[in-house]
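First the structure, in the form of structure tokens, and then the observations on it.
All values below come from the heavy atoms of this structure, side chains included, with hydrogens, waters and symmetry mates left out. Every chain is numbered from 1, with letters handed out A, B, ... down the list of sequences.
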There are 2 protein chains.
Amino acid sequence: MSHNSLDLARTLHQSGHRLTPQRQIILDTLCETGGHVTVAELYERVHGRFPAIDRSTVYRALDFFGALGLVSAAGIGGATVYEVAGQGEHGRHHHLVCRDCGDIGHVPDDLFDDFAARLRDDYGFVADADSLTISGLCRDCGVGRGEGGKG
Amino acid sequence: MSHNSLDLARTLHQSGHRLTPQRQIILDTLCETGGHVTVAELYERVHGRFPAIDRSTVYRALDFFGALGLVSAAGIGGATVYEVAGQGEHGRHHHLVCRDCGDIGHVPDDLFDDFAARLRDDYGFVADADSLTISGLCRDCGVGRGEGGKG
DNA sequence: CTGAGTGCAAACGCTTTGCAGACAG
DNA sequence: CTGTCTGCAAAGCGTTTGCACTCAG
């Protein structure tokens, strides 16, 4: 967890904003969950412990932290999921979404480099290094399915 | 345009469904547009010429053609866009979405093969061959931006 | 004829917003 | 004190659904 209250407070003040308990709770809860969370799930958790906190506050906090670069959002399978940005050493990464179990895995940026280079060379398209979402079958769900993945 | 009325009618009958003017119009309009269209845009066009056609009919037709594999949907930048599946020789392809001008380009499947192979080898993840959406800057918008593509 | 498909309108789920009051600074 | 932020409640947006009627087959 890389955001202790003091650092966070300072960061917020730099941009002329405030550190409220709600924001701390929401960010903490997001950190605890670790992975990708929908607003609904996050609100469940937050609201479970602090019933006074409203859905709209969660939305606003998520949006707010997003603008600060502390939280990143990804649209996966129609739903919007949030995660703490730059978790640990992960830095940039892409998402592997299993279409079977819904699990979301990470791939480091560099695996994508070759592909991105070809995109640039052949199409003149400079791909963003993050927020790439790849759907498919994860290791567990893909086992014993044969080569049906291409069909 | 690869769907003349007779072929289409036959295809539908095979699955025990009907060919209605609404469906023809909606599919035709989608073909005319050529690229990626939102339901709103498609409805605009369809409804412009045939005011009696309802939004829900557009949704249902799109869903219906999707189930038949004639139309494919992709969630891009929070919006859902539709296109005729397997347009010409394109077959499987991925989407290059320019974050600047919003333009959507295509990349053939095979460019993705190496990346997919590494995903499979290193992560045991069998990527679906289509519906991959890559955000970035297209040739036009990327020009004159410096080499900041990685940062 | 028969029932798949349509138009209508209302419901739906997720997200945003206007407002008055609350509280961090 | 100031004005940012909150909770509430209601609106907004895109999408789905129940219903009676219509029309393709």
Side-chain angles (χ1 to χ4, degrees), chain A residues 5-29 36-68 70-71 73-82, chain B residues 5-29 36-68 70-71 73-82:
Chain A
S5 305
L6 292 181
D7 279 358
L8 188 53
R10 190 164 308 173
T11 306
L12 297 204
H13 295 160
Q14 284 172 11
S15 47
H17 297 292
R18 290 180 187 170
L19 178 57
T20 63
Q22 287 91 336
R23 287 179 173 170
Q24 290 188 61
I25 290 163
I26 290 167
L27 188 53
D28 271 356
T29 308
H36 307 77
V37 206
T38 62
V39 174
E41 289 163 351
L42 186 56
Y43 172 70
E44 287 291 299
R45 283 168 164 268
V46 167
H47 188 79
R49 282 190 293 177
F50 301 88
I53 295 184
D54 192 70
R55 241 182 303 265
S56 61
T57 302
V58 176
Y59 277 103
R60 286 192 268 228
L62 249 16
D63 197 52
F64 173 75
F65 287 131
L68 289 180
L70 294 176
V71 164
I76 288 181
T80 307
V81 293
Y82 293 84
Chain B
S5 304
L6 292 181
D7 279 358
L8 188 53
R10 188 164 309 173
T11 307
L12 297 205
H13 295 160
Q14 283 173 11
S15 48
H17 296 292
R18 291 178 187 173
L19 178 57
T20 63
Q22 288 89 337
R23 286 179 175 171
Q24 290 188 62
I25 291 163
I26 290 167
L27 188 53
D28 271 357
T29 308
H36 307 77
V37 206
T38 63
V39 175
E41 289 162 352
L42 186 56
Y43 173 70
E44 288 290 300
R45 284 167 163 269
V46 168
H47 188 77
R49 283 189 294 176
F50 301 88
I53 296 184
D54 193 70
R55 242 182 302 265
S56 61
T57 303
V58 176
Y59 278 104
R60 286 192 268 228
L62 250 16
D63 197 52
F64 174 73
F65 287 131
L68 288 181
L70 295 175
V71 164
I76 288 180
T80 307
V81 295
Y82 294 85

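The distance from atom CZ of B:R55 to atom C1' of C:dA10 is 13 Å, rounded to the nearest whole Å. As rounded to whole Å, 11 Å separates atom P of C:dT15 from atom CD of A:E41. Atoms CD (B:Q24) and P (C:dT6) sit 11 Å apart, rounded to a whole Å. At whole-Å resolution of the value, CZ in A:R60 and P in C:dG18 are 10 Å apart. Protein atom OH of B:Y59 is 14 Å distant from nucleotide atom C1' of C:dA11, rounded to whole Å. Residue B:D54 contributes atom CG, which lies 13 Å from atom P of C:dA10 at whole-angstrom precision. Per the geometry, NE2 belonging to A:H17 stands 13 Å off P belonging to C:dG25, to the nearest Å. Between the C1' atom of C:dG7 and the CD atom of B:Q22 lies a distance of 9 Å, rounded to the nearest Å.
No engagement by A:A40 is indicated, since no non-hydrogen atom pair under 4.0 Å with the nucleic acid exists. Here B:R23 lies in heavy-atom contact (under 4.0 Å) with sugar-phosphate atoms only. At a threshold of 4.0 angstrom between heavy atoms, the contacts of A:T80 are confined to the sugar-phosphate backbone, with no base atom among them.
At least one side-chain heavy atom of A:L70 sits less than 4.5 Å from a side-chain heavy atom of A:L8. Between B:Y82 and B:L42 the shortest side-chain heavy-atom distance does not fall below 4.5 Å. Proximity of A:V39 to A:T80: side-chain heavy atoms (C-beta onward) are nowhere separated by under 4.5 Å. The shortest side-chain heavy-atom distance between A:L68 and A:L12 falls under the 4.5 Å cut-off.
Between B:S56 and B:H13, the residue anchored nearer the 5' end of DNA chain D, judged by the nucleotide with its closest heavy atom, is B:S56.
For the pair B:H13 (side chain) and B:R18 (backbone), a donor-acceptor distance under 3.5 Å is absent.
When all heavy atoms of B:H17 and B:R23 are compared, the pair lying nearest together is CB-NH1, 4.1 Å.
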Where do B:V46 and B:Q22 land on the side-chain contact (heavy atoms from CB on, under 4.5 Å) test, with the steps shown first?
CA-CA 9 Å; B:V46 168; B:Q22 288 89 337; over 6 Å; no
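Along DNA chain D, the stretch of nucleotides lying under 4.0 Å from any heavy atom of chain B spans, 5' to 3', D:dG14 to D:dG25.
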